[in-house]
Amino acid sequence: MTTESVQHGQQSLSTSAARNLATTTKTVPQMMGITPRYLLRALPWVELEAAVYRVNRRRHFLLGDGLIATYTDGDGEARVIAEDLREIVFLRDLDSPVLSALAGGFVQREVAPGEVIAGADAPAGQLHVIAFGRAEKRATGQYGEDALIGVLGDGDFFDARAWARGETQSYQVKAVTPCTVLSLDHRMLSELADQEPVLRAQLDAYAANGQGPTERELPIEMTSGHSGELDLPQTFVDYEESPREYELSIAQTVLKVHTRVSDIYNSSIDQVQAQLRLTSEALRERQEWEMLNNPGYGLLHNVVPSQRVHTRKGAPTPDDLDELLTRVWKQPAFFLAHPRAIAAFGRECTRRGVPPQIVELFGSPFLTWRGVPLLPCDKLDLRGSGSVPGTTNILLMRVGEAEQGVVGLRPAKVPDEVEPGLSVRAMGVDRQAITSYLMTSYFSAAALVDDAIAVLQNVEVANYYDYS
């Protein structure tokens, strides 16, 4: 007891002294990296008896990702990747040296915002590739109005059809942001065609049959609305000969716990269970990231060209999300977006006086657009430089096997399973008295048909407004 407490006549034990003998109430270990993982919660899961999931489809043609990639050489000049010229239907079967010759003929120019890259109704003497920037394709509508018919971004090209045939281009392309454009003269294409019989044959066939699309299903022939004894068409439904197969992916780690810790430091929290729980959370976080970003099966890398949409102005507007809904209009389930992108969309709605409605899912409120919820996910990266937040993507998907949508894949059962698709296997104690646990998560994701998923690209999240 202190002198001061004696002078004031303390008659009971102080709280500070009593606390040393009291039982402390404590939490389980906390972890800031745990997120709600709404993608894993919202996706329907297909449980596989085998390790492979085969997606059988009608036969269709698909060339590639629909983009011509570029790179910057040692002199700081943008260059076309020659092999990516195969994205153009009449160049797909050319030898690499011919493609390299064409790639070397592209000329770079810088275009300021508002400047016309290519005018309408002029002879299409050049093929243009947008190396960097964003541009709009505009045409005159049926009643004389200005009509926006598309937004172009990095890797997009135009107009291969008019360029190959020497026709006029039916629309105007104007830069929205500063653009780096690579252009190739029709003259070089003609000269190479005179030297290369394969290229000449491809161009002649293209001019004759007008095959422009790079992806489509083979038709099922039929007739309707007829009368009389018409000869009916004969048909069959052809399938892909080599359908895509998804093998279960894996996330794994070995957790180590010293036996001294697990033996004598277990009251009142089980140290082994605490370590296993936090490691399991980290594995699930990695699983969600892989399902979005893995270059093989990740959903962002499996959106076909026709399902990609560029923002018109950068910030995600109601118009942009409406455009996305036109790509996944059959039973859209949810948007998936970075929290910063959802906040940016909310600001755009506020500015236009169209506040989005709120719906409650998983016990939390979510913004919706046209009745479709926007689920937040921090695994959709923000690509920027320095302190600038940069850009991200917004996904829209239809889900479920019955709806030909997006599904998650996991094994029906694995040995030592503690959660669906997650196993914990004891590996024994080593000579340092450390117990090891092998922790494994098995998973994958699949989009059953192309129109099950779409992406809004180059979404800027740093636009703010002052309201007076």
Side-chain angles (χ1 to χ4, degrees), residues 63-72 78-81 84-85 87-88 106 108-118 126-139 147-160 169 171-184 214-215 293 299-317 319-328 335 337-338 340-341 344-345 348 380-385 388-396 450 453-463:
L63 180 56
D65 65 3
L67 302 175
I68 296 178
T70 61
Y71 68 97
T72 302
R79 302 291 184 189
V80 164
I81 294 178
D84 262 20
L85 291 173
E87 296 294 340
I88 301 174
F106 280 86
Q108 177 178 329
R109 67 182 172 116
E110 304 299 325
V111 182
E115 184 179 343
V116 174
I117 299 174
Q126 293 181 316
L127 173 72
H128 303 282
V129 178
I130 307 291
F132 308 104
R134 188 168 63 248
E136 291 182 344
K137 295 169 67 173
R138 290 187 173 273
L148 175 67
I149 59 176
V151 179
L152 303 174
D154 298 0
D156 285 320
F157 58 91
F158 66 94
D159 179 329
Q169 186 172 280
Y171 51 84
Q172 178 191 79
V173 179
K174 181 184 291 187
V176 176
T177 65
C179 289
T180 298
V181 181
L182 300 175
S183 303
L184 180 65
T214 58
E215 57 177 283
N293 298 288
L299 297 178
L300 282 170
H301 294 274
N302 283 277
V303 181
V304 299
S306 61
Q307 296 292 100
R308 297 196 192 102
V309 178
H310 290 283
T311 59
R312 285 193 57 228
K313 301 297 183 181
T317 66
D319 292 338
D320 291 326
L321 265 61
D322 279 342
E323 186 66 25
L324 207 55
L325 283 164
T326 67
R327 310 305 170 96
V328 187
F335 297 95
H338 192 280
R340 297 282 308 261
F345 175 70
E348 296 300 320
L380 292 161
D381 294 337
L382 286 174
R383 299 179 303 277
S385 58
V388 179
T391 62
T392 183
N393 299 303
I394 295 178
L395 285 168
L396 173 63
D450 291 342
I453 186 169
V455 61
L456 180 65
Q457 298 177 309
N458 301 318
V459 175
E460 296 177 0
V461 300
N463 289 340

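The chain is numbered in sequence order, starting from 1. Basis for what follows: all heavy atoms, side chains included, without hydrogens, waters or symmetry-related copies. All of these numbers come straight from a predicted model, not from anything done at the bench.
- Using a 4.5 Å heavy-atom cutoff, the side chains of R312 and T317 are not in contact.
- A distance-only check finds a donor-acceptor pair linking the side chain of R134 to the backbone of T311 [under 3.5 Å].
- A distance-only check finds a donor-acceptor pair linking the side chain of D84 to the backbone of A69 [under 3.5 Å].
- Residues satisfying the side-chain contact (heavy atoms from CB on, under 4.5 Å) criterion with K137, sequence neighbours excluded, are I149, L152, Y171, V173.
- The shortest heavy-atom contact between S183 and V181 is OG-CG1, 3.8 Å.
- Judged as a ring pair (Phe, Tyr, Trp, His ring centres under 6.0 Å), and not counting sequence neighbours, F106 has no contacts.
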Determine, stepwise, if the pair L325 / F335 fulfils side-chain contact (heavy atoms from CB on, under 4.5 Å). CA-CA 10 Å; L325 283 164; F335 297 95; 4.0 Å; yes
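- Between the T392 side chain and the D381 main chain, a donor and an acceptor come within less than 3.5 Å of each other.
- Between atom CD of residue Q307 and atom CG of residue L324 there is a gap of 8.5 Å, rounded to the nearest 0.5 Å.
- Listed by chain and residue number, E136, D146 satisfy the side-chain hydrogen bond (donor to acceptor under 3.5 Å, both in side chains) test with R138 (two or more places apart in sequence, or in another chain).
- Between I88 and I68, some side-chain heavy-atom pair lies under the 4.5 Å cut-off.
- Two residues are said to be in side-chain contact when any heavy atoms from C-beta on lie closer than 4.5 Å; L456 and E323 fail this criterion.
- A search for side-chain contact (heavy atoms from CB on, under 4.5 Å) contacts involving Q108 returns E77, A78, E110, T180, L182, not counting sequence neighbours.
- In this structure, the separation between CD1 on I117 and CD on Q126 is 11.5 Å, given to the nearest 0.5 Å.
- Nearest heavy atoms, D154 versus G133: OD1-N, 3.0 Å.
- Annotation: side chain of P316 is in contact with side chain of I394 (closest heavy-atom distance under 4.5 Å).
- Applying the side-chain contact (heavy atoms from CB on, under 4.5 Å) test to T72 and every residue at least two apart in sequence or in another chain returns F132.
- Annotation: side chain of D320 is not in contact with side chain of V309 (no heavy-atom distance under 4.5 Å).
- To the nearest 0.5 angstrom, L299 atom CG is 4.5 Å from I453 atom CD1.
- Inter-residue side-chain proximity for E115 and R109 is flagged as met; some heavy-atom pair is nearer than 4.5 Å.
- Annotation: side-chain hydrogen bond (donor to acceptor under 3.5 Å, both in side chains) contacts of N302 (sequence neighbours excluded): R244.
- Looking at residues two or more places apart in sequence or on another chain, you find a ring pair (Phe, Tyr, Trp, His ring centres under 6.0 Å) between F158 and H128.
- In this structure, the side chains of V455 and R327 stay at 4.5 Å or more apart for every pair of heavy atoms.
- Among residues two or more places apart in sequence or in another chain, the side-chain contact (heavy atoms from CB on, under 4.5 Å) test is passed with A147 by none.
- V459 places none of its side-chain heavy atoms less than 4.5 Å from the side chain of H338.
- Among all heavy-atom pairs drawn from E87 and L67, the shortest one is CG-O, 3.1 Å.
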Going through the checks in order, is the side-chain contact (heavy atoms from CB on, under 4.5 Å) test met by T391 and Q457? CA-CA 8 Å; T391 62; Q457 298 177 309; over 6 Å; no
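- Between G153 and I130, the shortest heavy-atom contact is O-CB, 3.5 Å.
- Interatomic distance, OG1 of T70 versus CZ of F157, reported as 13.0 Å (0.5 Å rounding).
- Take D322 and apply the side-chain hydrogen bond (donor to acceptor under 3.5 Å, both in side chains) test, not counting sequence neighbours, and it matches W369, R370.
- Residues that satisfy the side-chain hydrogen bond (donor to acceptor under 3.5 Å, both in side chains) test with N458, not counting sequence neighbours, are H310.
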